[in-house]
S.K.: 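Have a look at this one.
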Protein chains: 2
Amino acid sequence: MHELSIARRGQEVQASPIRRLVPLANRAKDQGIRVYHLNIGQPDIETPPEYFRAIYDADIKILAYGESGGQPELRAGLVPYYASFGVDVNEQEILITTGGSEAVLFCLLTCCNPGDEVLTLEPFYTNYNSFATMAGISIVPVPGSPADGFRLPPDDLLESLISSRTKAILFSNPGNPTGVVYTRSELERLGRLAVKNGLFILADEVYREFIYDGSVFTSILSIDGLAGHAVICDSISKRFSACGARIGNIVTHNLSVLEAALKFGMARLCPPALEQIGAVAALKVPEAYYARVREEYQLRRDVIYQGILAIPGAQTYLPKGAFYSIAVLPVEDTNDFAAWMLSDFSYEGATVMVAPADGFYATPGAGRNEIRLAYVLNRQDLNKAMLILQKGLCAYNSR
Amino acid sequence: MHELSIARRGQEVQASPIRRLVPLANRAKDQGIRVYHLNIGQPDIETPPEYFRAIYDADIKILAYGESGGQPELRAGLVPYYASFGVDVNEQEILITTGGSEAVLFCLLTCCNPGDEVLTLEPFYTNYNSFATMAGISIVPVPGSPADGFRLPPDDLLESLISSRTKAILFSNPGNPTGVVYTRSELERLGRLAVKNGLFILADEVYREFIYDGSVFTSILSIDGLAGHAVICDSISKRFSACGARIGNIVTHNLSVLEAALKFGMARLCPPALEQIGAVAALKVPEAYYARVREEYQLRRDVIYQGILAIPGAQTYLPKGAFYSIAVLPVEDTNDFAAWMLSDFSYEGATVMVAPADGFYATPGAGRNEIRLAYVLNRQDLNKAMLILQKGLCAYNSR
């Protein structure tokens with residue numbers, strides 16, 4: 001059969017570095033090996049039961065189109081949520097999207113023309129690459145370092161990367177894959193840079209509930225003087241352990257951004273209907289829900305942190321947020337190591353799947369000896385996984 | 001407050017011509033006027049109860065990420081469905097998308113590079129414009145005519161519009177907004193053109209269950225010799241009256257297309273989880289469900305058709321599929337007329353909202369005296385709506 005060739009863009013868009021080793025993992029499972037997944041941020045915490053209850057109780061008969069900007073009840077329900085951490089917005093400043101993914105895509109489409117550049121604090125959430133491909137823009141990475149836990153790089157480095165084509169700074173806070181939590185003064189520094197250079201600041205804040213050791217989360221929208229510049233990309237996926245819902249949103253005081261994003265939204269008609277009903281209900285969970293989840297994740301974080309420190313030659317830092325960490329391993333290429341762990345190694349009938357970190361870097365060659373660990377398993381499993389990782393590294397380096 | 005300016009692309013993307021008069025409709029409703037909606041294809045038919053039942057019964061505890069290409073049960077469930085109308089595909093040739101909208105977007109991103117052109121049979125589903133803006137491509141309209149019910153234009157016209165940048169032909173069958181149902185010989189003609197010129201054929205077939213007067217639906221994938229060229233964009237929205245589900249899919253024998261579309265899909269992680277569970281169940285409704293819906297819509301089509309013929313100076317044709325029709329009205333600008341109907345007219349406390357058809361044309365000035373009518377109301381309401389339309393036109397032209 002003659003297959004017509006697809007476009008260059010279709011060939012070049014990346015396969016998810018978090019998901020591309022899945023076939024090897026499946027083969028291991030087929031052989032009866034248990035695979036501990038540290039590669040993907042799929043929490044094992046239960047979604048609040050209110051989410052499902054609300055959908056059952058709604059007893060919908062016709063699953064009709066909703067509003068392109070999302071259901072008014074959901075937009076209204078988010079207003080007090082944002083107020084709870086110092087972000088004063090009204091429901092006209094909120095647009096519901098199909099996941100945080102669509103929020104980022106719509107923001108890039110709205111703020112940038114094809115050929116424009118976006119500064120991204122590196123390492124960064126790997127799917128930004130695909131959204132950039134879709135929007136026809138270039139990602140310009142701002143290199144960070146595991147040595148200082150990926151703090152915001154100095155102004156002169158940031159400024160040296162800004163060109164006449166730069167339109168926005170895109171970053172996640174708390175950071176995926178780094179776990180960094182930016183301080184108010186770091187965000188103010190980013191803000192001054194954005195104002196000075198006429199840039200949008202796109203802050204992906206989907207992990208804001210996951211903050212440890214009493215650290216304080218600061219939203220970009222709580223920084224003064226950024227009303228025309230700052231945009232939050234958000235999602236209920238992590239907050240409510242509802243990754244399959246595909247409900248996210250954009251928040252900004254810049255109504256031109258929302259108006260354009262809404263026009264992109266009109267094209268896809270509306271976000272999923274039932275899932276929005278669930279999201280409205282989930283927003284009413286008491287603060288205790290977040291506190292319990294936060295406590296659990298902090299303990300898990302400690303397991304991962306101690307586990308890495310126990311590996312000879314590995315390096316890491318204490319992440320303060322999200323549920324990821326970057327670890328430097330004593331290997332040359334973590335792609336090879338991660339694949340080897342799935343295809344050639346097991347310990348007591350089990351192995352570990354990690355995400356090679358180079359997929360989170362745009363700088364060529366960067367991150368080759370790093371992995372991203374997602375700590376979304378219970379502590380017992382995490383402890384086992386870290387032991388297996390240690391044993392695996394030892395075996396890998398003794399081949 | 002200084003608002004940073006958004007990008008040209010964000011300014012230029014169209015507001016949905018189906019939805020842009022909504023504020024006027026809301027104002028009319030606020031004044032106590034009943035508005036009959038003929039502007040949007042939101043069916044009033046109930047979603048199969050199996051859809052909701054399956055979601056309730058699933059009793060999910062953690063709403064986790066699913067597979068980026070969709071849940072295996074849904075992909076498998078679609079195989080016998082396609083076989084039922086002569087399309088022989090396996091589940092590896094099916095990719096689940098977040099609505100038919102995403103199917104079209106992913107196909108354009110996969111098959112075209114920025115700057116490429118896509119031939120589109122005009123008038124066409126207006127949101128193709130927005131997907132084209134998002135993908136950075138140009139729509140090249142192939143003008144059709146209400147005089148022949150928008151049959152496929154002759155080869156020489158089609159061929160004269162193909163350039164070195166043309167990568168695909170995009171069309172809906174049955175047609176939205178025209179209701180045209182393309183014959184096998186028309187599709188073969190398109191197929192020969194695609195093969196001769198190395199083009200993809202992207203067939204949006206979301207209305208295939210809505211076929212009247214014993215007409216026969218022919219899928220592009222049942223045409224011989226197009227395996228490497230033909231792609232179906234599909235959705236459960238209309239078939240199961242489940243527009244809010246946002247579940248669609250791509251079907252093609254060209255695995256390079258699917259592989260690239262899957263990579264775009266990995267970026268947005270997965271389609272909505274609960275809605276896929278519902279879709280699996282809905283696929284099992286008996287053929288009688290479709291037959292009953294089809295019968296009802298054919299009767300509605302007749303109401304619209306007779307209603308237009310009864311309007312002095314209006315012209316139309318008998319549409320054979322979908323639930324739309326184009327009517328030529330005795331006015332200069334249907335945008336002005338449609339707005340006037342909402343803001344200045346009512347008859348016995350009610351008015352009608354129609355979609356000005358110019359938004360379904362890319363040719364400048366085309367369709368200015370046309371409207372698109374969606375016949376998704378019950379017959380009693382449709383009869384009233386057509387009477388109001390007639391009265392309104394008379395009053396409008398007597399101002």
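Order of the sequence lines sets the chain letters (A, B, ...), proteins ahead of strands, with each chain counted from 1.
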S.K.: Does L63(A) reach the side chain of F52(B), with side-chain heavy atoms less than 4.5 Å apart?
M.R.: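 With C-beta onward as the side chain, the pair touches.
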S.K.: Should we count CG of D57(B) as having more than 12 external heavy atoms under 6.0 Å?
M.R.: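 Check passes, neighbour count above 12.
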S.K.: Checking heavy atoms, do the side chain of C270(B), its backbone, both or neither come under 4.5 Å from chain A?
M.R.: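 Contact with chain A is through both the backbone and side chain of C270(B).
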S.K.: Taking every heavy-atom pair that is under 4.5 Å apart, which of E275(B), Q11(B), E46(B), M134(B) has the most such pairs with chain A?
M.R.: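 If we count pairs closer than 4.5 Å to chain A, E275(B) comes out on top.
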S.K.: Can you tell which of P49(B), A260(B), C112(B) has the highest number of heavy-atom pairs within less than 4.5 Å of chain A?
M.R.: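 The option with the most such pairs is C112(B).
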S.K.: Given that the side chain runs from C-beta out, which part of P271(A) has a heavy atom under 4.5 Å from chain B: side chain, backbone, both or neither?
M.R.: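 Contact with chain B involves the backbone of P271(A) alone.
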S.K.: Take atom CD of E259(B) as the centre, draw a 6.0 Å sphere, and report whether it contains more than 12 heavy atoms from other residues, nucleotides or ligands.
M.R.: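 It does not: E259(B) CD has 12 such atoms or fewer within range.
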S.K.: At a 4.5 Å cut-off on heavy atoms, which part of Q71(B) comes close to chain A: side chain, backbone, both, or neither?
M.R.: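 Answer is neither: Q71(B) stays 4.5 Å or more from chain A.
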S.K.: Y125(B) versus chain A, heavy atoms under 4.5 Å apart: side chain, backbone, both or neither?
M.R.: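 The answer is the side chain of Y125(B).
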S.K.: I want to check something: taking the side chain as every heavy atom from C-beta on, are L109(B) and T133(A) in contact at a cut-off of under 4.5 Å?
M.R.: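 Result no, sub-4.5 Å side-chain heavy-atom pair not found.
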S.K.: May I ask you to name which of T98(A), V257(A), N113(A), D44(A) has the most heavy-atom pairs under 4.5 Å with chain B?
M.R.: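 The residue among T98(A), V257(A), N113(A), D44(A) with the greatest pair count is N113(A).
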S.K.: Pick from A267(A), G10(A), S101(A), A273(A): which one has the most heavy-atom pairs with chain B under 4.5 Å?
M.R.: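 It is A267(A).
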S.K.: Is any side-chain heavy atom of N127(B) closer than 4.5 Å to a side-chain heavy atom of L269(A)?
M.R.: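 Of all side-chain heavy-atom pairs linking L269(A) with N127(B), at least one is under 4.5 Å.
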S.K.: Heavy-atom distance under 4.5 Å to chain B: side chain of L108(A), backbone, both or neither?
M.R.: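 The backbone, not the side chain.
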S.K.: Can you tell me how far OH of Y51(A) sits from CD1 of I62(B), rounded to the nearest 0.5 angstrom?
M.R.: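 I62(B) CD1 to Y51(A) OH: 14.0 Å, rounded to 0.5 Å.
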S.K.: Would you mind checking which part of S16(B) comes under 4.5 Å of any heavy atom in chain A, side chain (CB onward), backbone (N, CA, C, O), both or neither?
M.R.: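 Its backbone and side chain both get close to chain A.
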S.K.: Could you tell me which portion of D59(A) (side chain, backbone, both or neither) has an atom closer than 4.5 angstrom to a non-hydrogen atom of chain B?
M.R.: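 Looking at D59(A), backbone and side chain both touch chain B.
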S.K.: If you count heavy-atom pairs within less than 4.5 Å of chain A, which of R9(B), K263(B), M266(B), E102(B) leads?
M.R.: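 Option with the greatest count: R9(B).
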S.K.: What residue in F264(A), Y128(A), F131(A) has the most heavy-atom pairs under 4.5 Å with chain B?
M.R.: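 When all of F264(A), Y128(A), F131(A) are compared, F264(A) has the most.
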S.K.: Looking only at heavy atoms and a cut-off of under 4.5 Å, which of A194(B), S130(B), S256(B) has the most pairs with chain A?
M.R.: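 Of A194(B), S130(B), S256(B), S256(B) has the most heavy-atom pairs under 4.5 Å with chain A.
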S.K.: Report the distance from atom CG of N254(A) to atom CD of E3(B), rounding to the nearest 0.5 Å.
M.R.: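 Separation between the atoms: 4.0 Å.
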S.K.: If you count every heavy atom of other residues, nucleotides or ligands that lies below 6.0 Å from N26(A) atom CG, does the total exceed 12?
M.R.: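 Yes - once you tally the heavy atoms of other residues, nucleotides and ligands closer than 6.0 Å, there are more than 12.
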S.K.: Under 4.5 Å, heavy atom to heavy atom: which of residues 241-248 of chain A reach chain B? Give them by number, or say none.
M.R.: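 Counting heavy atoms that sit under 4.5 Å from chain B, the residues of residues 241-248 of chain A involved are S241(A), A242(A), C243(A), G244(A), A245(A), R246(A).
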S.K.: Considering only heavy atoms, which portion of L262(B) lies under 4.5 Å from any heavy atom of chain A: side chain, backbone, both, or neither?
M.R.: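 It is neither, since no heavy atom gets under 4.5 Å.
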S.K.: Nearest 0.5 angstrom please: I277(A) CD1 to L274(B) CG, how far?
M.R.: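 I277(A) atom CD1 to L274(B) atom CG measures 10.5 Å (nearest 0.5 Å).
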S.K.: Find the one option among P114(A), P272(A), S237(A) whose heavy-atom pairs under 4.5 Å with chain B are most numerous.
M.R.: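 The residue among P114(A), P272(A), S237(A) with the greatest pair count is P272(A).
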S.K.: Which answer fits F106(B), side chain, backbone, both or neither, if we ask what part of it has an atom under 4.5 Å from a heavy atom of chain A?
M.R.: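 Interface part for F106(B): side chain.
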S.K.: What option among G99(B), S68(B), G225(B) has the most heavy-atom pairs under 4.5 Å with chain A?
M.R.: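 Winner by heavy-atom pair count: S68(B).
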S.K.: For a quick test of reading the model, state the closest non-hydrogen atom pair linking Y65(A) to I40(B) and the distance between them.
M.R.: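 Where Y65(A) meets I40(B) most closely, the heavy atoms are CD1-CD1, 4.4 Å.
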S.K.: With only heavy atoms counted, which part of F200(B) is less than 4.5 Å from chain A, the side chain, the backbone, both or neither?
M.R.: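 It is both, since atoms from each part get that close.
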S.K.: Tell me, for T110(A) versus chain B, whether the close heavy atoms (under 4.5 Å) come from the side chain, the backbone, both or neither.
M.R.: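 Its backbone and side chain both get close to chain B.
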S.K.: Of the listed residues (G136(B), A64(B), G278(B)), which shares the most heavy-atom pairs with chain A below a 4.5 Å separation?
M.R.: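 Option with the greatest count: A64(B).
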